A.B. asks: 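Please find one structure pasted underneath; my questions will follow.
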Amino acid sequence: MKKTHHCNALNATHIGQEIILNGWVATRRDHGGLMFVDLRDREGICQIVFNPEIDPKVHDLAKDLRSEWVLAVKGRVEKRPEGMNNPKLATGEIEVKISEFEILNTSKTPPFAIEDNIDTSEDLRLKYRYLDLRRPALQKNMILRHRVMQATRNYLSENGFLEIETPFLTKSTPEGARDYLVPARLYPGKFYALPQSPQLFKQLLMVAGFEKYFQIVKCFRDEDLRADRQPEFTQIDLETSFLGQEDIIGLMEGLVKKIWQNAKNETLNIPFPRISYAESMARFGLDAPDMRFGLELQEVSDIFTHTQFKVFKDAVANKGVIKVIKIPAALKKDFSRKELDDLTEFVKIYGAKGMAWIKIQENEWQSPIVKFFSEDEKKALSDRLQIQAGDLILFGADKTQIVNDALGNLREKLGAMLGLIDSKQMNFVWVVDFPMFAYDDKERD
RNA sequence: GGGGACGUAGUUCAGUUGGUUAGAACGCCGCCCUGUCACGGCGGAGGUCGCGGGUUCGAGUCCCGUCGUCCCCGCCA
């Protein structure tokens with residue numbers, strides 16, 4: 001039986017047609033008489049029905065069906081009875097009454113459910129990768145990657161870029177990251193190094209006059225992992241000659257817009273806003289800020305130039321800064337002492353020695369540190385931050401880099417904690433004028 | 001290189017102060033069920049508590065070691 005449609009392709013326009021589907025048994029709902037099976041393939045799910053009144057023999061055989069068996073089924077597309085539509089399915093208006101089927105393969109019970117939102121360890125999922133990849137979410141991810149790559153290739157080709165491959169097995173050209181090494185059989189004791197990026201090659205291509213190059217390419221960096229960081233990853237790599245910053249920015253905005261349009265069917269507004277690196281560090285503490293919510297950092301160093309509070313005084317004296325995050329009363333969040341202690345532990349990860357705080361209450365400022373503040377300092381702080389009862393002020397005071405790092409990450413943690421981030425919202429921004437060089441911690445001084 | 005969390009049924013987890021037969025949910029198996037889509041009802045099976053050692057009358061629980069997993073800092077652009 002050769003398939004005529006994908007499972008997701010059927011709708012009211014197919015009613016009455018005899019069709020054949022191939023797919024996997026997702027779920028089975030056996031009512032003794034009637035039996036429903038959700039048949040799944042890469043495009044989606046379709047409900048098929050086994051009815052003893054159509055063919056008792058077929059219905060009897062269908063009773064043995066289990067999860068993940070692979071089937072070829074033949075039947076007629078029918079409108080579902082009144083009130084039985086399932087709006088959650090693209091095929092929810094119809095079902096297929098099965099007259100004949102073939103078991104292409106049986107299956108053991110899978111070690112985890114083949115469905116989205118499972119709560120199974122990465123370890124187990126990787127052990128049964130072929131099952132994990134059957135899950136709709138992963139299939140959607142793969143399909144998304146496909147669309148992104150197609151959109152990228154089309155867009156860059158249309159804009160005069162040539163797709164050119166570059167070698168993986170080459171000599172080490174030290175960049176920042178450690179190289180992955182491959183023993184060279186023909187040269188005992190020597191090794192190839194896998195590229196951290198096609199840096200050298202694309203420059204070679206520019207010198208050679210290819211003018212515009214791109215490649216969707218694997219890069220390899222032998223560094224320690226993180227949840228969002230893999231040792232090998234794919235990069236959209238490109239290089240041009242004869243173009244300036246504005247040209248590149250315009251080109252990339254067009255690319256991102258095209259990708260979102262083709263892959264997600266979402267229309268982005270371009271040009272994207274821009275901020276400088278310096279502004280990003282000042283307002284958000286990070287060079288890749290999440291600008292979907294507020295809680296921006298504010299510097300208050302100047303208020304405490306002559307303070308009696310030693311921690312602040314030392315920070316300013318050592319050319320550091322004092323910055324704050326104000327969590328406004330309007331957010332209606334009362335932080336417990338335990339939560340403040342936890343936040344303090346959190347900023348310590350980034351090298352901060354502590355985190356001072358003030359709870360602004362109707363008649364007093366509750367805080368371990370305000371007793372060190374002069375009336376002038378309190379007034380200046382109150383004016384600068386436009387303090388109101390119910391506000392919470394969190395302080396970082398240290399070297400600039402530590403304060404930015406600690407409060408920048410604290411801000412993003414608070415944003416998540418307070419539910420201020422709409423994960424669906426896209427918010428692009430260019431951060432421009434990055435410093436060309438930065439001091440190594442050990443080399444400054 | 002450093003810090004933290006965790007390892008109990010197929011899966012996700014609970015397990016009190018160290019104390020009788022280690023529990024739940026989902027999944028699985030059997031029977032029943034003709035409109036379900038998280039189907040429902042009744043019944044059932046399923047455990048080397050990661051591994052090794054120690055303390056103890058007694059260890060899932062305490063101690064030491066070991067293996068493994070996850071997260072973070074450093075590192076990585």
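Here the structure is a predicted model, which is why all the values come from computation and not from measurement. Throughout, protein chains are lettered first and strands after them, A, B, ... in sequence-line order, and every chain is numbered starting at 1.
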A.B. asks: Looking only at N and O atoms, is any donor in the side chain of A:E95 or the base of B:G35 less than 3.5 Å from an acceptor on the other one?
C.D. replies: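 Indeed there is one.
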
A.B. asks: Any N/O pairs under 3.5 Å between the protein and nucleotides 67-72 of chain B? List them or say none.
C.D. replies:
{"residue": "B:C72", "atom": "OP2", "partner": "A:A227", "partner atom": "N", "Å": "3.0"}

A.B. asks: Take A:E93 and A:N11, measure what side-chain hydrogen bond (donor to acceptor under 3.5 Å, both in side chains) needs, and give me the verdict at the end.
C.D. replies: CA-CA 7 Å; A:E93 282 183 64; A:N11 54 48; over 6 Å; no

A.B. asks: Determine the Euclidean distance between corresponding C1' atoms of B:U11 and B:G27; express it in Å to zero decimal places.
C.D. replies: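 It works out to 7 Å between them.
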
A.B. asks: Does a side chain donor of either A:R29 or A:Q47 reach within less than 3.5 Å of an acceptor in the other side chain?
C.D. replies: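 Their side chains do contain a donor-acceptor pair, which is all the 3.5 Å distance test asks for.
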
A.B. asks: Within the 4.0 Å heavy-atom criterion, would you say A:F36 contacts the bases, only the backbone, or no part of the nucleic acid?
C.D. replies: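 A:F36: base contact, heavy atoms under 4.0 Å.
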
A.B. asks: Which residue lies toward the 5' end of RNA chain B, A:G176 or A:D224, if each is placed at its nearest nucleotide?
C.D. replies: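 Going by which nucleotide is closer to the 5' end, it is A:D224.
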
A.B. asks: When you compare the protein's N or O atoms with those of nucleotides 27-34 of chain B, which come within less than 3.5 Å of each other, and at what distance?
C.D. replies:
{"residue": "B:C29", "atom": "OP1", "partner": "A:R66", "partner atom": "NE", "Å": "2.8"}
{"residue": "B:G30", "atom": "OP2", "partner": "A:R66", "partner atom": "NH2", "Å": "3.1"}
{"residue": "B:C33", "atom": "N1", "partner": "A:H31", "partner atom": "O", "Å": "3.4"}
{"residue": "B:C33", "atom": "N3", "partner": "A:D30", "partner atom": "O", "Å": "2.9"}
{"residue": "B:C33", "atom": "N3", "partner": "A:G32", "partner atom": "N", "Å": "3.4"}
{"residue": "B:C33", "atom": "N4", "partner": "A:D30", "partner atom": "O", "Å": "3.3"}
{"residue": "B:C33", "atom": "N4", "partner": "A:G32", "partner atom": "N", "Å": "3.4"}
{"residue": "B:U34", "atom": "OP2", "partner": "A:H31", "partner atom": "O", "Å": "3.2"}
{"residue": "B:U34", "atom": "OP2", "partner": "A:G33", "partner atom": "N", "Å": "3.0"}
{"residue": "B:U34", "atom": "O4'", "partner": "A:L34", "partner atom": "N", "Å": "3.3"}
{"residue": "B:U34", "atom": "N3", "partner": "A:E53", "partner atom": "OE2", "Å": "3.3"}
{"residue": "B:U34", "atom": "O4", "partner": "A:E53", "partner atom": "OE2", "Å": "2.6"}

A.B. asks: Pick base, sugar-phosphate or nothing for A:L124, based on heavy-atom distances below 4.0 Å to the nucleic acid.
C.D. replies: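 Sugar-phosphate contact only - A:L124 comes under 4.0 Å of backbone atoms but never of a base.
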
A.B. asks: With a non-hydrogen cut-off below 4.0 angstrom, is A:K97 in contact with a base, only sugar-phosphate, or nothing?
C.D. replies: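 The answer is base, as A:K97 lies within the cut-off (heavy atoms under 4.0 Å) of a base atom.
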
A.B. asks: Using the C1' atom in both, what is the distance from B:U66 to B:C72, to the nearest Å?
C.D. replies: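 Comparing C1' positions in B:U66 and B:C72 gives a spacing of 24 Å.
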
A.B. asks: I'd like the P distance from B:U17 over to B:C13, given in whole Å.
C.D. replies: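 One P to the other, the span is 22 Å.
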
A.B. asks: On a whole-Å scale, what distance lies between the P atoms belonging to B:C62 and B:A45?
C.D. replies: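 Each nucleotide's P atom is 31 Å from the other's.
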
A.B. asks: Pairs of donor and acceptor atoms involving the side chains of residues 106-121 of chain A, under 3.5 Å and at least two apart or interchain, shall be tabulated with distances.
C.D. replies:
{"residue": "A:D116", "atom": "OD1", "partner": "A:A137", "partner atom": "N", "Å": "2.7"}
{"residue": "A:S121", "atom": "OG", "partner": "A:L124", "partner atom": "N", "Å": "3.2"}

A.B. asks: B:A77 P sits how many Å from A:Q196 CD, rounded?
C.D. replies: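 From A:Q196 CD to B:A77 P: 6 Å.
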
A.B. asks: Which one, B:C37, B:U11, B:C75, comes nearest to the side chain of A:R229?
C.D. replies: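 The listed nucleotide nearest to A:R229's side chain is B:C75.
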
A.B. asks: To the nearest Å, how far apart are A:D179 CG and B:C76 P?
C.D. replies: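 In whole Å, B:C76 P and A:D179 CG are 13 Å from each other.
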
A.B. asks: Please state the C1' separation for the pair B:U8 and B:A59 - nearest whole angstrom.
C.D. replies: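 B:U8 and B:A59 have their C1' atoms separated by 14 Å.
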
A.B. asks: Report the stems of RNA chain B as range-with-range entries sorted by first number; a stem here is at least three consecutive pairs, Watson-Crick or G-U wobble, both distances under 3.5 Å, and write none if there are none.
C.D. replies: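 So far as stems of 3 or more pairs are concerned, RNA chain B shows B:1-7 with B:67-73, B:10-13 with B:23-26, B:28-32 with B:40-44, B:50-54 with B:62-66.
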
A.B. asks: Report which part of the nucleic acid A:P81 touches: base, sugar-phosphate, or nothing (heavy-atom distance under 4.0 Å, all strands).
C.D. replies: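 Base, at least one base heavy atom under 4.0 Å.
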
A.B. asks: Has A:K323 got a side-chain atom pairing as donor or acceptor with A:S301's backbone, closer than 3.5 angstrom?
C.D. replies: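 Not confirmed, A:K323 side chain does not pair with A:S301 backbone.
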
A.B. asks: With a cut-off of less than 4.0 Å, is there a side-chain N or O of A:K88 near OP1 or OP2 of B:A38?
C.D. replies: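 Checking A:K88 against B:A38: at least one side-chain N or O falls below 4.0 Å of OP1 or OP2.
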
A.B. asks: With sequence neighbours left out, which residue pairs that include part of residues 203-213 of chain A fulfil the side-chain hydrogen bond (donor to acceptor under 3.5 Å, both in side chains) condition?
C.D. replies: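 Residue pairs with at least one partner in residues 203-213 of chain A: A:Y213-A:Q215, A:Y213-A:D237.
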
A.B. asks: With rounding to whole Å, what would you report as the distance between B:G44 and B:A9 at their C1' atoms?
C.D. replies: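 Each nucleotide's C1' atom is 15 Å from the other's.
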
A.B. asks: So what does A:N86 hit on the nucleic acid, given a heavy-atom distance under 4.0 Å: a base, only sugar-phosphate, or nothing?
C.D. replies: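 A:N86: base contact, heavy atoms under 4.0 Å.
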
A.B. asks: Assess whether one donor atom and one acceptor atom, taken from the side chain of A:R221 and the base of B:C76, lie less than 3.5 Å apart.
C.D. replies: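 No.
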
A.B. asks: Scan residues 121-132 of chain A for pairs that pass salt bridge (Lys or Arg N to Asp or Glu O under 4.0 Å), counting only residues two or more places apart or in two chains.
C.D. replies: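 Salt bridge (Lys or Arg N to Asp or Glu O under 4.0 Å) check on residues 121-132 of chain A returns A:E122-A:R125, A:R125-A:D132, A:R129-A:D132, A:D132-A:R135.
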
